[in-house]
Structures are given as C-alpha cells and as structure tokens.
Amino acid sequence: MQLGMTDEQKLLQQTVRRAAQEKMAPLVAEIDRKDHEYYDTIRNFVQELGLLSLIIPKECGGPGGNLTTACIVVEELGKVIPAAAAILGGHYLAIDCIEAGAKEDIRSRYLTQFATGKYLAAICLTEPEAGSDAAAIKTRAVRQGDNYVLNGRKCFITSGGMADILSVFAVTNPGKGAKGVSLFIVERDTPGISTGKIEDKMGMRGTQTAEVIFEDAIVPAQNLVGEENKGFVMALDGFDKSRPLVGALSVGLAQAALDQAVEYAKVRVTFGKPIAQHQAIRFMIADMAMQVEAARALVYKTAAMADSGHKAELRKFASMSKCFGSDVAMRVTTDVVQIFGGYGYMRDYPVERMMRDAKLTQIFDGTNQIHRMVIASSIFHD
Ligand SMILES: Cc1cc2nc3c(=O)[nH]c(=O)nc-3n(C[C@H](O)[C@H](O)[C@H](O)COP(=O)(O)OP(=O)(O)OC[C@H]3O[C@@H](n4cnc5c(N)ncnc54)[C@H](O)[C@@H]3O)c2cc1C
C-alpha cells in the first residue's frame with residue numbers, strides 16, 4: 001500500500017488490478033510464447049481502461065493524473081502484465097517530452113488529441129550507433145520553407161510500428177551534440193516513414209520493439225516542439241518522469257515474483273517440511289521483502305517530489321528509483337527462480353518469464369551504468 005493515496009487513486013488501483021487479473025492474467029503465458037500476435041490485444045487493453053489519456057492535463061481535456069497516479073497504475077500492471085506497463089511507460093514518456101516544451105499551439109493540437117484516449121505514442125530517440133550516448137544521434141531534420149525534412153533510422157522503439165504519433169529527436173544543428181537536437185511531433189501516416197526490423201526479444205514479449213525509418217519525411221515546421229535545438233532539455237525533463245515509472249514497473253514485477261515464492265515455499269516439502277521452514281529460504285524471502293519495500297518507497301518518494309514541483313534533486317532521485325528498482329527486480333526474480341528449484345527453470349511456472357522481463361528494466365530508459373553516472377554526477381556537482 002502507498003501511504004497517502006487519495007480515494008480516486010485507490011479506486012483506480014483496484015480497477016486496474018481487477019482488469020489485469022481478469023483479462024490479462026489468463027493470457028500472459030501465451031503472450032510470452034506468441035509475442036506479436038498480442039501487440040494489439042495489449043494496446044486495446046490499456047486503451048479500453050482509459051490509461052492512454054491518464055496523464056493529460058485537465059486544461060487539455062484529460063483527467064490530469066499526476067506521476068504518483070501513473071506509478072500506481074504501472075506498478076499494478078507490472079505485477080500481472082509488465083508488457084502493458086512498458087507500453088504505457090513509452091507512451092507517457094513521449095507525451096511528457098512534448099509537454100515539457102510545447103507551446104499553446106501544440107498543446108491544443110496534440111495534447112487535446114491524446115485526451116481522447118485513442119492515440120498511442122512512441123518515443124524515438126535511440127539509433128543503431130547512439131543509445132547511451134544519445135547526443136550522438138544522426139537523424140537529420142533540415143528546414144525547407146514551412147517544413148522540416150527528416151532522414152534517419154531509429155531502433156529499439158517501443159510500439160515503433162504501431163504508435164499513431166511519434167516524438168522524434170533529430171539533429172537540427174550538426175556538430176553541436178546535445179545542443180543541436182530538436183524534438184518533432186510526427187504523425188504515423190506521414191509519407192516517408194516506414195517500419196524496419198521488429199525485434200524478437202528475450203522478454204517483455206507482447207511489446208513491439210521496432211525500427212522506425214525516415215526517408216525524406218516531410219514534417220510541418222509547426223510540429224517542432226518548443227524552440228529549435230532545445231530537444232534535449234525536453235528529453236531530460238521527460239526522463240525525470242519516465243524513470244520512476246520504470247521503478248514502479250520493477251516494483252510490481254518484483255512483488256509478484258515474491259508473492260509466487262511465498263506461496264510455493266508453503267507447499268514445497270523437502271526433508272519432511274515445507275521449504276518455508278528452512279531458515280535459508282526464510283532469510284531469502286525476508287531479504288526480498290525488504291528490497292521490494294525499499295524500492296517502492298524510493299519510487300513513491302520520487303513521484304511525490306515530481307508532483308510537488310520539487311525539482312532540485314529530482315534528476316538524481318529519478319535515476320535512483322529506476323536503477324535501484326530494476327536491480328531489485330532482477331535480484332528478486334533471480335532468487336525466486338532459485339526458490340522454485342528445477343521447476344523455476346521450467347516454462348510451466350511464471351517465474352522464469354518474470355526474470356526475463358526484469359532484465360529489460362536494467363537496460364531501457366538508460367542503462368543502470370548510465371544511471372549510476374547520473375547519480376554520482378549529481379552528488380559531486382559535476
Ligand atoms: C526492449 C527495448 C525497448 C526500448 N524502447 C525504447 C524506446 O521506446 N525509445 C527509445 O528511444 N529507445 C528505446 N530503447 C533503447 C534503450 O534506451 C537503449 O538500448 C539503452 O539506452 C542502451 O543503449 P544501447 O543499447 O545502444 O547500449 P550502449 O550504449 O551501446 O551500451 C552498451 C553497454 O555499455 C555500457 N556503457 C555505455 N556507455 C558507458 C559509459 N560511459 N560508462 C559505463 N558504461 C557504459 C552500457 O551501460 C551497456 O552496458 C529500448 C531498448 C530495448 C532493449
């Protein structure tokens with residue numbers, strides 16, 4: 001339970017929990033096996049629950065859900081269907097980056113569109129040679145009259161081949177690194193945009209991870225978000241909100257794995273007693289419970305900081321909640337597989353799938369190495 005949840009948040013939490021249990025839990029194993037056959041099912045699930053518009057501000061026609069509310073939703077989904085949580089995470093990040101820099105024109109054209117809850121967004125930053133070093137992107141946007149012409153290739157984009165609206169980072173001032181990148185809103189049906197390779201992933205199956213290719217794609221200049229060459233500032237503001245969401249996803253995943261371990265430990269008998277009676281197992285469970293609660297506390301503290309406009313240390317806490325939460329998810333899911341013994345290694349039980357899902361949380365939205373760099377830089381005021 002999160003301390004200080006409003007009645008509205010509690011109701012939303014229960015609604016998402018019930019819907020995930022009823023509609024997604026029976027499908028999770030099959031989604032893991034059949035992956036692409038379920039991309040639309042998961043998208044429709046989050047859309048029908050009204051979650052695509054959750055964070056759109058009230059003045060743009062949305063419900064105005066804050067980061068704490070988004071974390072509550074994502075944690076619940078992370079327990080049952082982490083793929084849905086990951087899709088929402090990418091979608092919210094794409095919107096948060098737009099919101100970070102959008103002037104009135106774009107707010108009224110696009111945020112109101114997102115408020116209908118029918119549009120899925122993708123964040124297009126990573127490229128084949130620019131992941132951690134995101135300022136090294138090469139996708140070019142060249143101004144021609146009232147338009148920009150985009151050329152380049154993005155990779156590993158969550159919902160890249162199915163999102164209706166793309167938040168695309170492209171170079172407008174070559175040679176200037178982070179100071180030469182701008183953010184554009186690009187509509188899916190723009191001529192010159194195509195979907196490349198769709199990845200076959202270790203885990204988090206049911207999310208589409210795709211290349212997005214731009215070949216002389218013409219984007220109206222009015223779709224530049226904010227000012228030219230300020231895209232990176234918007235990306236960083238967006239990440240301040242997306243990283244706690246990855247932390248929340250990780251907490252949900254770790255909690256669900258821990259719950260599985262507790263139940264299994266009560267019924268699996270070795271040496272004449274349930275393994276829950278062996279101290280080695282009890283201590284593992286106790287350690288896991290402490291880690292999950294600590295990760296949860298960090299996530300909701302960070303979300304509360306963001307929601308109250310406490311910006312001074314937000315970047316550090318955003319990285320800490322993502323990095324710590326995902327390390328906990330990886331450690332806990334690995335230990336849960338251990339508690340299940342040989343059965344944990346088999347696909348008949350859900351815990352090996354949870355371990356594969358958890359691995360992604362340490363990689364996307366900035367690897368945990370990069371987050372440790374961010375945290376250390378913040379401590380040393382580099
Ligand atoms: C399933 C999935 C979904 C994704 N979704 C999206 C999305 O929707 N949108 C998007 O734009 N991107 C997305 N990404 C991309 C993701 O953010 C990048 O994969 C990630 O940032 C790492 O970049 P990279 O893969 O190029 O690794 P690299 O940058 O090549 O890193 C390789 C290794 O080197 C380490 N490393 C790199 N630099 C340093 C350093 N300076 N010091 C120490 N260690 C370092 C890294 O931590 C990593 O271990 C997704 C990725 C995956 C796998």
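Order of appearance sets the numbers: ligands from 1, and atoms from 1 within every ligand. One-based numbering along the sequence shown.
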Kindly assign one of parallel, tilted or perpendicular to the pair Y264 and Y343, based on the angle between their ring planes and the thresholds 30° and 60°.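 Plane angle between 30° and 60°, so tilted.
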So what's ligand 1 close to, N/O to N/O, under 3.5 Å?
from: ligand 1; atom 1: 5 (N); to: F156; atom 2: O; distance (Å): 2.7
from: ligand 1; atom 1: 5 (N); to: T158; atom 2: OG1; distance (Å): 2.9
from: ligand 1; atom 1: 8 (O); to: T158; atom 2: N; distance (Å): 2.9
from: ligand 1; atom 1: 8 (O); to: T158; atom 2: OG1; distance (Å): 3.3
from: ligand 1; atom 1: 9 (N); to: I123; atom 2: O; distance (Å): 2.8
from: ligand 1; atom 1: 11 (O); to: L125; atom 2: N; distance (Å): 3.0
from: ligand 1; atom 1: 11 (O); to: T126; atom 2: N; distance (Å): 2.8
from: ligand 1; atom 1: 11 (O); to: T126; atom 2: OG1; distance (Å): 3.1
from: ligand 1; atom 1: 12 (N); to: T126; atom 2: OG1; distance (Å): 2.6
from: ligand 1; atom 1: 14 (N); to: F156; atom 2: O; distance (Å): 3.3
from: ligand 1; atom 1: 23 (O); to: S132; atom 2: N; distance (Å): 3.3
from: ligand 1; atom 1: 29 (O); to: S132; atom 2: N; distance (Å): 2.9
from: ligand 1; atom 1: 29 (O); to: S132; atom 2: OG; distance (Å): 2.6
from: ligand 1; atom 1: 47 (O); to: T367; atom 2: OG1; distance (Å): 2.6
from: ligand 1; atom 1: 47 (O); to: Q369; atom 2: OE1; distance (Å): 2.9

Regarding [X] and [Y], does a basic nitrogen lie under 4.0 Å from an acidic carboxylate oxygen?
| X | Y | answer |
| --- | --- | --- |
| E22 | R18 | no |
| K201 | D32 | no |
| D287 | R331 | no |

With clusters defined by side-chain heavy atoms of hydrophobic residues (ILVMFWY) lying less than 4.5 Å apart, directly or transitively, does I106 cluster with V168?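 Different hydrophobic clusters.
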Same hydrophobic cluster for V262 and V351, using side-chain heavy-atom links shorter than 4.5 Å among ILVMFWY?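 Yes, V262 and V351 fall within the same hydrophobic cluster.
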